[in-house]
Amino acid sequence: MPSRNVSAAYLAQAVDLADNRGQQVAYDSRGNCVVLAGPGSGKTKTLVLKLARILAEDVRAPRGAACITYSQECARELTRRLERLGLREAPNLFIGTVHGFCLRHLLMPYGRLAGLPVPFPLTVATQKQSEQAMKRIGDRLFGVGHPNKPIDLGRHRRSILDRTSIVWTSEAELASWAVGYEAELRRAGLVDYDDLVIFGQRLVSEHDWVLPLLQAKFPVLAVDEYQDLGVALHRIVKRVVFDGGIRLFAVGDPDQSIYGFNGADGALLHELAERGDVERVQLQLNYRSASSIISASEMALGEARGYQSNDPERQAVIAFVECADGLRGQAAYAVTEIIPAALAAKPGRELGDIAILYRDYRAGDIVAEAVAAARLDFVRVDTAAPYRKVALTSWIEDCAAWCAGGWREARPQLRGLLDRWLGFHRARLSDAEAREEMQKVTRLLWSLRARDGLARDFVVALRTGSLDALMAAEPSLADQREQVERMAAALAAGGPLADLDLASLGGRDGSPLHLNLLTLHSAKGCEYDVVIMVGLDLGSLPWRNESPDALRESRRLFYVGLTRARDEVHMLYSGYVETPRGRMYWGRSPFLNELERRMSEAEE
């Protein structure tokens with residue numbers, strides 16, 4: 001019988017799927033299903049409606065479904081869309097990262113019973129604690145200034161789960177570093193985020209009794225952006241689905257696998273899709289981009305995919321632009337020429353419809369300097385951002401959006417904010433305690449409603465009223481507390497976000513009045529009318545002398561950038577890059593050379 005607690009609003013939207021055969025087949029699937037979804041193909045809509053249907057028709061509370069996503073921002077977007085259908089995270093619906101799933105639904109309930117060699121209660125190391133432990137062990141093993149990098153250590157720990165099998169030199173060094181680093185954390189009574197997934201995988205792999213318990217709670221498991229989630233999650237999925245009887249609905253696109261440095265592998269999704277006991281569905285209709293942009297992106301990828309635009313008559317701009325003075329010249333051209341023209345080209349277009357994409361935070365510094373000099377408001381998303389997006393900082397931003405006027409339209413919904421607040425409490429609250437918490441936070445948010453005012457005053461009041469007490473009582477939130485502190489420091493007088501007002505804090509994810517500055521990696525999952533890609537020179541994208549695997553991933557990164565655009569793509573280059581040895585004239589990116597040649601041949 002269907003659950004009576006689930007809104008039937010999904011049925012009205014599900015009617016739209018009938019015009020898209022792939023979406024309809026995925027929506028109607030009854031067994032294990034893998035959806036290979038091209039850019040702009042409506043995969044999030046398909047996933048959200050499928051989850052709603054599962055909760056309404058396939059499971060009965062208290063049983064439910066778990067949806068694992070790549071990042072906190074992916075989880076946030078899914079939560080927003082489900083809220084519009086009358087669904088929100090509840091005891092029988094988990095929406096979150098793989099780290100959150102392993103912590104809340106594997107390690108906390110079953111880890112101690114399984115005798116896993118981790119300290120309980122679980123306390124996640126802060127970013128600073130993790131970095132310090134890595135450095136201490138690395139310096140001890142290899143000497144100060146050794147060439148091994150933390151990013152390589154992270155990739156090793158996520159992708160090579162059995163370190164006793166390592167025999168070649170470079171990985172053997174990383175394996176010894178991993179063992180020493182993990183021992184250092186344990187001595188301090190800590191785990192890190194990678195530990196959560198590694199030990200979650202060990203738990204389900206080594207303890208059969210966990211499988212029926214998990215299946216009883218979550219008979220359905222959905223995974224979004226599967227190609228980005230790595231070998232540990234892949235092993236968890238195969239174990240709980242094919243040995244534990246949990247039904248799988250996985251969505252992803254191997255062509256957008258761009259996190260190989262983190263241990264992700266798009267081939268894992270192909271492996272699932274090729275199984276005989278899994279239904280494979282392809283989404284090929286693109287609702288985002290004009291036809292010429294879709295064609296150009298396939299040319300850039302170097303492989304035909306057969307994607308089609310839902311509006312084949314739409315016109316687009318695809319421009320190759322050479323700029324003098326390197327990245328600074330490119331950023332200046334984007335600000336003075338492309339952006340004003342783009343704003344004038346379409347009535348109602350705003351800064352939030354435009355994005356400048358670049359390779360890394362160093363390029364972002366140069367772009368941000370040019371944008372700030374032009375006095376344009378902007379939102380920046382890269383590793384140089386003042387604070388990292390975690391569950392608590394995202395909750396604060398959404399509270400700001402509600403208090404800045406969102407309460408009038410229930411965007412976001414207050415009940416959703418309250419449910420997320422309760423979810424931060426690791427200790428189980430009684431019904432009376434939960435009601436008291438919700439009443440306290442509701443009164444606080446109600447008192448903080450305002451049209452204007454500085455964001456820092458809001459954050460101070462929110463911390464004083466409730467947040468600091470929660471963070472002090474929950475050791476597992478230590479790493480998130482560090483990001484809240486960074487947010488507060490950035491908003492304080494003299495900080496980089498000192499002038500940010502309440503509405504802007506609530507709109508830092510997709511504000512219509514702010515130009516978007518993002519790395520190509522951060523842009524995945526986003527879409528804009530106009531995309532400006534800078535730094536498209538050999539030595540930047542791709543790096544020079546990349547390995548074949550790295551070169552393929554750089555090509556996919558270029559493809560991701562192109563496919564963010566609805567109407568215009570501007571690709572900027574200078575023919576050289578700045579290096580510690582000076583200016584190197586290695587030419588523009590070979591990806592541009594190939595793309596321009598293929599486009600010319602297609603026109604002829």
key: side-chain contact (heavy atoms from CB on, under 4.5 Å) against Gln132, all qualifying residues, sequence neighbours excluded   = Lys128, Arg136
note = Residues passing the side-chain contact (heavy atoms from CB on, under 4.5 Å) test with Ala432, sequence neighbours excluded, are Ser430, Arg435
Would you call [X] and [Y] a salt bridge, taking side-chain N to carboxylate O under 4.0 Å as the test?
X      : Y      : answer
Arg552 : Glu546 : no
Arg481 : Glu485 : yes
Asp194 : Arg155 : no
Glu553 : Arg556 : yes

query = Taking only residues two or more places apart in sequence, or in another chain, which ones meet Lys524 in a side chain to side chain donor-acceptor pair (under 3.5 Å)?
reply = Glu225, Asp228
query = Sequence neighbours excluded, which residues qualify as side chain to side chain donor-acceptor pair (under 3.5 Å) partners of Asp468?
reply = Arg463
Given 3.5 Å as the limit, does a donor-acceptor pair link the side chain of [X] with the main chain of [Y], or not?
X      : Y      : value
Arg63  : Gln215 : yes
Ser257 : Pro254 : no
Arg81  : Glu77  : no
Arg235 : Val204 : no
Glu397 : Leu505 : no
Gln227 : Asp253 : yes
Ser41  : Gly38  : yes

Would you kindly say whether [X] and [Y] are connected by a side-chain donor-acceptor distance under 3.5 Å?
X      : Y      : answer
Asn148 : Glu173 : yes
Glu482 : Thr126 : yes
His234 : Tyr226 : yes
Thr97  : Tyr193 : no

request  = Hey, could you give me each pair passing ring-ring contact (aromatic ring centres under 6.0 Å, His included) that has a residue in residues 467-487? Not counting sequence neighbours.
outcome  = none
Lys149 atom NZ, over 12 foreign heavy atoms within 6.0 Å = no
query = Is the cationic atom of Arg247 (NZ for Lys, CZ for Arg) positioned less than 6.0 Å from the six-membered ring centroid of Phe218 and within 45 degrees of its normal?
reply = no
inquiry  = Against the six-membered ring of Trp177, is Arg140 placed for a cation-pi contact (under 6.0 Å from the centre, within 45° of the normal)?
reply    = no
inquiry  = Please enumerate all residues that pass salt bridge (charged side-chain N to carboxylate O under 4.0 Å, His left out) together with Glu271, with sequence neighbours excluded.
reply    = Lys238
ask   = Is the distance between the ring centroids of Tyr70 and Tyr259 less than 6.0 Å?
value = yes
